[in-house]
Amino acid sequence: MNQLDFGIVIERWDELLHGVALTLALSIAGIVCSLVIGVIGVAMHRTRTPLLQAPVIAFVELIRNTPFLIQLFFLFFALPLLGVRLNPTITAIIALSINGGAYSIEIIRGGVESIPRGQIEAGAALGLSSTQIFRDIVLIPALRAIYPALSSQFILLTLTSSVCSSISASELTHFAQRIESETFRSFEVYFTITGLYLLISWLIMTALSSIGRRHFNYPN
Amino acid sequence: MQKTTSANTASMSVSENETLIELKNINKWFGGFHALKDVSLKVSKGERIVLCGPSGSGKSTLIRCINHLEAIKDGTITVAGKEMKHDAKSIDSVRREVGMVFQSFNLFPHLKIIDNCSLALRRVKRLQREEAEVIARRYLDRVHILEQADKYPAQLSGGQQQRVAIARALCMEPKVMLFDEPTSALDPEMVKEVLDTMIGLAEDGMTMICVTHEMGFARKVANRVLFMADGQILEESAPDEFFSNPKHERTKAFLGEILAHN
Ligand SMILES: Nc1ncnc2c1ncn2[C@@H]1O[C@H](COP(=O)(O)OP(=O)(O)OP(=O)(O)O)[C@@H](O)[C@H]1O
Ligand SMILES: [Mg+2]
């Protein structure tokens, strides 16, 4: 077992590529849901209505001050006790969305707060409602302001998805662990996996930048 | 500064009987600070009012109360016959009648000029995009900036941006326009294009309240000049009278300072 032997990795290449595809899907689902949770959370927080604001603050504090692995286990082991039974991959998506959503709320809120008051006043003077002001006037410039931070949060979410292997969700790390336990080629497998995660990050980053260029590239 | 009795004023008529805005004994507090002290003001249709006074006297606060960007503590505000309370419905109905232009333009940076102008038509008046754009183009043309319709605000000069801001407000076809120092953020060479636009509006009979220190504009366009200090309207008169024969000591001191700088 001392010789390096990547033959085993090549042999199971299709399985690894499948893992890459599943991790990409898991991450993209988590990113989209995080963004939706982030925007809705900030919209609720902005209302200054305690009934809507308090749950958002509680949610953000709870998620940001507990480990992701525990949140994942909680969903996976505690929910069935309440009669909710979900497969590991769905559980992983929910956990990633909740976790990413809480961080997104924090980040997007910063962006919204950076929007000059005059923008909101101009909208109000034109007769727009506060929902319209948020959606049509505040949101795009706010997202633009924090887009780099939000992008790195989403890369982090992508990498965090490997933790979901611990509930046997279908994704790259889980597949790697399986190959490793069957072949005992730990170094070769994890060396390859490292490269594949780099590829995944690069793909997500590229997609995020092109979305950024499309939607937030107005002159300032 | 020479004295000009404007020929234009003749064409601008004020219908004495139709009151558009009425402020009755309004009081505004910022925490413990009494920013507007029992202010009353009546504006008839077609009037051009210039509001001036030292910094911090409450000029912005006064006009911002008219469209409820600031909430008053007591007193009443009536615009086009509708009394404004603190509920969303009466605020909305007043805002439909009142356009506002800000010192810092406040164009929406992520929207093209045409979309800056058509947004409220679509969202507030619920027009289709095509209909809204026809109206937007009409008003962009009126402020002589139609050729910039597909640019973004940051691609325009300050003077152009402020003219777009005027067009954006006009699109909603307000009965009255409020201007809060519309030229004081502009480079000197751009002041004239904005003032000319405002003069054109006045000639077309728009009712307007302008906070400005452009005394040439006040002489040419205003039918009344109000002087504010410490949250009160201390003096008001026709521009000729205001400049040649100010009554209040504070007005004299203020005019001395302003005219020395012009
Ligand atoms: N949001 C606010 N919170 C607290 N105080 C305020 C607020 N807005 C205005 N003020 C105070 O109210 C007073 C009147 O302000 P306002 O902006 O109306 O003055 P202004 O006459 O427009 O002055 P300027 O010529 O500098 O624009 C000032 O003393 C100002 O500090
Ligand atoms: Mg002011």
Side-chain angles (χ1 to χ4, degrees), chain A residues 35 38-39 42-44 46-52 107-108 110-151 208-220, chain B residues 60 63-64 66-71 88-89 91-113 115-126 150-156 161 164-165 167-174 176-180 185:
Chain A
L35 187 60
V39 169
V42 171
M44 283 169 67
R46 241 175 69 86
T47 58
R48 313 243 173 276
T49 312
L51 211 64
L52 293 174
I107 295 171
I108 297 170
V112 166
E113 273 159 20
S114 77
I115 302 302
R117 257 230 62 75
Q119 291 285 305
I120 294 154
E121 290 177 351
L126 286 166
L128 273 72
S129 69
S130 53
T131 313
Q132 291 170 331
I133 290 173
F134 179 70
R135 195 189 60 198
D136 295 323
I137 298 175
V138 172
L139 191 55
I140 297 291
L143 288 177
R144 171 186 160 121
I146 47 79
Y147 197 65
L150 197 60
S151 297
L208 287 170
S209 332
S210 96
I211 291 168
R213 266 195 309 278
R214 242 185 100 96
H215 293 281
F216 307 123
N217 201 25
Y218 55 87
N220 220 356
Chain B
S60 298
I63 66 167
R64 288 161 59 83
I66 296 174
N67 63 354
H68 207 278
L69 289 183
E70 303 289 356
K89 201 159 167 243
I91 294 170
D92 277 352
S93 74
V94 164
R95 283 178 178 167
R96 275 174 182 253
E97 314 290 2
V98 179
M100 188 170 220
V101 174
F102 302 84
Q103 181 175 350
S104 50
F105 328 138
N106 294 344
L107 295 184
F108 309 130
H110 59 301
L111 298 179
K112 289 181 177 166
I113 298 308
D115 297 325
N116 260 276
C117 293
S118 61
L119 178 68
L121 288 169
R122 288 160 51 208
R123 294 292 184 266
V124 181
K125 294 201 171 170
R126 306 267 171 216
D150 291 318
K151 290 196 180 164
Y152 286 93
Q155 294 169 314
L156 270 53
Q161 288 191 49
V164 171
R168 179 175 71 178
L170 291 177
C171 280
M172 299 303 283
E173 291 167 352
V176 52
M177 288 281 285
L178 309 174
F179 292 86
D180 193 358

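First the proteins, then the strands, lettered A, B, ... as listed; each starts at 1. What you are looking at is a predicted structure, and each value in this text was computed from that prediction instead of being measured.
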Return the set of residues passing side chain to side chain contact (heavy atoms under 4.5 Å, CB included) with A/Ala142 (not counting sequence neighbours), or none when no residue passes.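 Result, side chain to side chain contact (heavy atoms under 4.5 Å, CB included) vs A/Ala142: A/Val112, A/Ile115, A/Val138.
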Name the region of B/Ile91, side chain, backbone, both or neither, that has any atom closer than 4.5 Å to a heavy atom of chain A.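 No part of it gets close to chain A.
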Checking heavy atoms, do the side chain of B/Phe102, its backbone, both or neither come under 4.5 Å from chain A?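 Side chain of B/Phe102 only, per the 4.5 Å heavy-atom cut-off to chain A.
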Applying salt bridge (charged side-chain N to carboxylate O under 4.0 Å, His left out), can you list everything that pairs with A/Glu113, at least two apart in sequence or on another chain?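 Once residues adjacent in sequence are excluded, A/Glu113 has no partner under the salt bridge (charged side-chain N to carboxylate O under 4.0 Å, His left out) criterion.
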For A/Phe134, which residues count as a ring pair (Phe, Tyr, Trp, His ring centres under 6.0 Å) partner, sequence neighbours excluded?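 A/Phe134 satisfies ring pair (Phe, Tyr, Trp, His ring centres under 6.0 Å) with no other residue.
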Look at B/Cys171, B/Pro109, B/Gly99, B/Ala154 and state which one has the largest set of heavy-atom pairs under 4.5 Å with chain A.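 Result: the option with the highest number of such pairs is B/Pro109.
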Shortest non-hydrogen contact from B/Val124 toward A/Leu126: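 In this case the closest contact between B/Val124 and A/Leu126 is CG2-O, 3.7 Å.
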Would you enumerate the inter-chain donor-acceptor pairs between chain A and chain B whose distance is below 3.5 Å?
unit_1   : atom_1 : unit_2   : atom_2 : d
A/Gly118 : O      : B/Asn106 : ND2    : 3.1
A/Gln119 : NE2    : B/Leu107 : O      : 2.8
A/Glu121 : OE1    : B/Arg64  : NH1    : 2.9
A/Glu121 : OE2    : B/Arg64  : NH1    : 3.4
A/Glu121 : OE2    : B/Arg64  : NH2    : 2.7
A/Gln132 : NE2    : B/Arg123 : O      : 3.2
A/Asp136 : O      : B/His110 : NE2    : 2.8
A/Asp136 : OD1    : B/Arg123 : NH2    : 3.3
A/Asp136 : OD2    : B/Arg123 : NE     : 2.6

